[in-house]
There are 2 protein chains.
Amino acid sequence: MARTQGSHSDITGPKIRAVALRLFAQHGYAAVSMRQIAKEVGVQAGALYNYIPDKQSLLVTLMETHMTDVLAAWTARLETLDDADVLHRLEAFTRFHIRFHMERPDAVFIAYMELRNLTPAHFTHIEALRSRYENGLRDILEEGVSAKAFQITDPKITTLAVIGMLNGVMTWYRSGGRLSLEEVETIYWDMVRKAVGA
Amino acid sequence: MARTQGSHSDITGPKIRAVALRLFAQHGYAAVSMRQIAKEVGVQAGALYNYIPDKQSLLVTLMETHMTDVLAAWTARLETLDDADVLHRLEAFTRFHIRFHMERPDAVFIAYMELRNLTPAHFTHIEALRSRYENGLRDILEEGVSAKAFQITDPKITTLAVIGMLNGVMTWYRSGGRLSLEEVETIYWDMVRKAVGA
DNA sequence: GTCTATAGGCAGATAGAC
DNA sequence: GTCTATCTGCCTATAGAC
């Protein structure tokens with residue numbers, strides 16, 4: 001049979017990751033076959049193995065990329081706020097978290113839901129990245145407690161509670177609904193501010 | 001070959017559901033085979049089909065059972081509080097939600113994570129049950145607003161934010177840690193109370 | 001770098017014996 | 001009600017041609 005497509009393709013690698021991100025989020029890692037990914041990329045299944053050693057590595061790459069992206073983006077945002085007081089930094093984190101995560105719902109979903117499909121070593125690695133990000137919020141809360149700007153009994157738990165609350169947005173918000181994302185941010189910021197006693 | 005086990009077993013049905021609940025939560029619906037379930041139940045794969053028409057029905061049954069259990073338990077709890085004021089009802093919901101869900105982490109995880117594996121009809125059914133439960137919280141919040149006991153700009157969103165915050169407990173709390181569940185409940189109740197402006 | 005073809009194995013579900 | 005055996009089909013990953 002004649003080959004159906006020629007070689008050449010510097011974009012096949014990124015395309016594989018983009019397709020996998022969408023399919024893994026939609027159906028779950030275990031439910032997606034390499035053949036499905038290949039079909040949507042537009043190559044045969046065997047060709048995928050020129051870009052990835054195996055299916056699991058593809059998943060790890062997607063999760064790692066997402067976590068380092070979040071970290072880098074928040075670090076960059078924080079640098080623009082060096083002189084801001086602790087309340088403004090908390091507001092910045094709240095709005096940043098909602099907006100950044102709403103822009104990549106597939107990556108967010110995968111980074112949380114597919115942790116159980118990682119080997120222990122990969123799991124530890126990904127969770128370390130997540131901790132570094134969450135510590136960004138914890139640092140703000142602890143500074144607010146020291147400065148007596150916040151009334152918090154347990155900054156570690158408050159960190160987890162706030163992150164949990166903000167993550168909830170991803171489960172229900174759809175653009176084109178009753179509220180703009182800006183309005184949702186403001187409502188959540190109001191709740192976060194009150195919850196920390198500021 | 002001789003059969004390895006005799007017939008009779010009124011407990012095989014419940015056992016199948018218990019095993020499936022654990023395995024689906026641990027590895028994900030798509031990653032668990034009927035043979036795996038059968039092995040842990042102690043029967044051959046074919047025998048499972050005396051109890052369930054197919055794999056998907058098993059998943060639906062688990063999710064439906066969980067949702068009706070939550071609804072029934074909260075309804076029962078609410079009936080013991082008929083004369084309580086709105087602040088006490090909100091506290092009761094907060095503590096109930098954390099405690100009830102922490103007692104069945106597997107069912108909670110499945111009921112949230114495996115929604116994408118449902119047919120549209122099943123999805124609608126399960127989501128309707130979830131809405132009925134969440135409306136229990138929304139009713140409290142709206143009553144609190146009417147009574148001017150809470151300062152909330154948007155009860156619908158506050159409902160989702162509070163549920164999201166409380167659900168976060170399931171992702172990190174492990175018994176035997178630094179805090180008892182009672183203490184965690186109290187910390188979260190403190191945040192919920194402040195967040196609604198009570 | 002992509003193709004075709006295939007190895008080797010496991011999947012969900014069913015049939016018929018007991 | 002459970003067994004064994006099996007149908008049919010898809011899975012991941014690799015080999016070798018071009």
Ignoring hydrogens and angles, write down the donor-acceptor pairs under 3.5 Å from the side chains of residues 19-29 of chain B, residues two or more places apart or on other chains.
{"unit_1": "B/Arg22", "atom_1": "NH1", "unit_2": "B/Glu40", "atom_2": "OE1", "d": "3.2"}
{"unit_1": "B/Arg22", "atom_1": "NH2", "unit_2": "B/Glu40", "atom_2": "OE1", "d": "2.8"}
{"unit_1": "B/Tyr29", "atom_1": "OH", "unit_2": "B/Gln56", "atom_2": "N", "d": "3.2"}

A/His97/A/Tyr133 aromatic ring centres below 6.0 Å = yes
Between atom CD1 in B/Ile37 and atom C1' in C/dA13, what is the gap in whole Å?
-> 13 Å
Taking CG from B/Leu48 and C1' from C/dT14, how many angstroms apart are they, rounded to a whole number?
-> 13 Å
Short side-chain N/O contact to C/dA15 OP1/OP2 from B/Tyr49, under 4.0 Å | no
Salt bridge (Lys or Arg N to Asp or Glu O under 4.0 Å) partners of B/Glu79, counting only residues at least two apart | none
For the side chain of B/Asn50, counting heavy atoms from C-beta on, which of C/dA13, D/dG1, C/dG1 is nearest?
-> D/dG1
Give a yes/no answer on whether the side chain of A/Gln44 brings an N or O atom under 4.0 Å of OP1 or OP2 in C/dT4.
-> yes
To the nearest angstrom, how far is A/Lys39 atom NZ from C/dC3 atom P?
-> 14 Å
Could you list all the salt bridge (charged side-chain N to carboxylate O under 4.0 Å, His left out) pairs where at least one residue sits in residues 136-161 of chain A, not counting sequence neighbours?
-> A/Arg89-A/Glu143, A/Arg138-A/Glu142, A/Asp154-B/Arg178
Qualifying salt bridge (charged side-chain N to carboxylate O under 4.0 Å, His left out) pairs with a residue from residues 109-124 of chain A, counting only residues at least two apart or across chains | A/Glu114-B/Arg116, A/Arg116-B/Glu114
Comparing B/Ala45 with A/Ala47, nearest DNA chain D nucleotide closer to 5' gives the residue B/Ala45
Restricting to pairs with a member in residues 59-75 of chain B, which pass side chain to side chain donor-acceptor pair (under 3.5 Å), not counting sequence neighbours?
-> B/Glu64-B/His125
The reported gap from CD in B/Glu134 to CG in B/Leu129 (rounded to nearest 0.5 angstrom) is 11.5 Å
Could you give the CG-to-C1' distance, from B/Asp54 to C/dG12, as a whole number of Å?
-> 9 Å
Phosphate contact (D/dG1 OP1 or OP2) by B/Thr12 side-chain N/O below 4.0 Å = no
Starting from P on D/dA13, measure out to CG on A/Leu58 and report it in whole angstrom.
-> 10 Å
Can you tell me the distance, in whole Å, between the CD1 atom of A/Ile11 and the C1' atom of C/dT2?
-> 14 Å
Enumerate all atom pairs, one protein N or O and one N or O from nucleotides 9-11 of chain D, separated by less than 3.5 Å.
{"unit_1": "D/dC11", "atom_1": "OP1", "unit_2": "A/Ser33", "atom_2": "OG", "d": "2.9"}

